[in-house]
Amino acid sequence: MLDRRSFATALIAAVVMPGAAFAQAQTPSAATIERQLQSAPRMKLNPNQRVTVREFKRRLDLRRAAPSIDIQSINFEFASAEIAPSQYRKVENIADALNRILRRDRRAQVLIEGHTDAVGSAQSNQVLSERRAESLKRVLVRQFGVPSRALETVGYGEEFLLVPTPNENWRNRRVTLRRIDSFIR
């Protein structure tokens, strides 16, 4: 049963980062990932309002509006960005979903966001989160044939913790997939 503090923390997380509501301990199915990334954006931009990928990465309002899903089930070891071959079955669900989306819409673009827990310096966590996002992109492209042109990466370090704690927490070591083509020029 949730106490008031846990409930309040979960509620705040859901409001601040709506994609957090889709976080999970097991890898979602390809259909679930596809459905989530195919959902309508919470905001529609006119063509003259669209932004560059670089600006999108900095704009929390646009990131919140984009369809997204957190993937917590890829086991990143503490202080590591490597995705072991034993994790490839989990990545395959992501690849299947992305490849289906891309078959329907070749212009689709997905931002892979890397996140860390709050242990260590902010700078080292920033670098680690960038490496985690790049690592997932590399596996998706090399092992599963997802076109590189459809994937962008960014690291946010410990900036957007799902579980607000200064301690090690596996839920914070994750990647987020965010569908961005409706926002990019």
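Basis for what follows: all heavy atoms, side chains included, without hydrogens, waters or symmetry-related copies.
- At least one donor-acceptor pair closer than 3.5 Å links the side chain of Asn169 to the backbone N or O of Arg171.
- In this structure a side-chain-to-backbone donor-acceptor pair under 3.5 Å is present from Asn93 to Pro28.
- A distance of 13.0 Å separates CD1 in Ile184 from CZ in Arg54, rounded to the nearest 0.5 Å.
- Under 4.0 Å is where a charged nitrogen must lie from a carboxylate oxygen, and between Glu168 and Arg173 at least one such pair does.
- Here the shortest heavy-atom pairing between Ala30 and Asp96 reads CB-CB, 3.8 Å.
- Among all heavy-atom pairs drawn from Gln72 and Trp170, the shortest one is CB-CZ3, 4.1 Å.
- A chain of hydrophobic side-chain contacts below 4.5 Å, direct or via other Ile, Leu, Val, Met, Phe, Trp or Tyr residues, connects Ile71 to Val139.
- Cation-pi check for Arg63 over Tyr156 is met; the charged atom lies under 6.0 angstrom from the ring centroid and within 45 degrees of its normal.
- Although no hydrogens or angles enter the test, the distance criterion places a donor-acceptor pair under 3.5 Å between the side chain of Thr116 and the main chain of Gly157.
- Remark: Ser68 OG to Glu113 CD distance equals 7.5 Å, nearest 0.5 Å.
- Salt bridge status for Arg59 with Glu55: present, with a side-chain N to carboxylate O gap under 4.0 Å.
- For Thr176, the side chain to side chain donor-acceptor pair (under 3.5 Å) test picks out Asp70, His115, with sequence neighbours left out.
- Taken to the nearest 0.5 Å, the CD atom of Glu152 stands 11.0 Å off from the CZ atom of Phe56.
- Leu128 and Leu161 are assigned to two separate hydrophobic clusters, defined by single-linkage of ILVMFWY side chains at heavy-atom distances under 4.5 Å.
- Taking NZ of Lys57 as the start and CG of Leu62 as the end, the distance is 14.0 Å to the nearest 0.5 Å.
- No donor-acceptor pair closer than 3.5 Å links the side chain of Lys137 to the backbone N or O of Ile112.
- Judged by distance alone, the side chain of Arg185 and the main-chain N or O of Arg50 form a donor-acceptor pair under 3.5 Å.
- The closest donor-acceptor contact from the side chain of Asp117 to the backbone of Pro166 lies at 3.5 Å or more, if one exists at all.
- Across Ala81 and Ser135, no two heavy atoms sit closer than the pair O-OG, 2.8 Å.
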Return all side-chain donor-acceptor pairs below 3.5 angstrom for residues 99-111, not counting sequence neighbours, or 'none' if the list is empty.
from	atom 1	to	atom 2	distance (Å)
Asn99	ND2	Ala95	O	3.2
Asn99	ND2	Phe144	O	3.4
Arg100	NE	Glu34	OE1	2.8
Arg100	NH2	Glu34	OE1	3.1
Arg104	NH1	Glu34	OE2	2.9
Arg104	NH2	Glu34	OE2	2.5
Asp105	OD1	Arg107	N	3.0
Asp105	OD2	Arg179	NH2	3.4

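- In this structure a side-chain-to-backbone donor-acceptor pair under 3.5 Å is present from Ser73 to Thr27.
- The two atoms that bring Ala66 and Arg42 nearest to each other are O-NH1, 3.8 Å, heavy atoms only.
- For the residue pair Pro67 and Ser39, the shortest heavy atom distance occurs at CG-O, 3.0 Å.
- Between the side chain of Gln143 and the backbone N or O of Leu140 there is no donor-acceptor pair closer than 3.5 Å.
- Not counting sequence neighbours, the partners of Val127 by the side-chain contact (heavy atoms from CB on, under 4.5 Å) test are Arg131.
- Here the side chains of Val119 and Asn125 are not in contact, with every heavy-atom distance at 4.5 Å or above.
- Leu136 contributes atom CG, which lies 8.0 Å from atom CG of Leu151 (distance to the nearest 0.5 angstrom).
- Interatomic distance, Gln87 CD to Glu92 CD, rounded to the nearest 0.5 Å: 13.0 Å.
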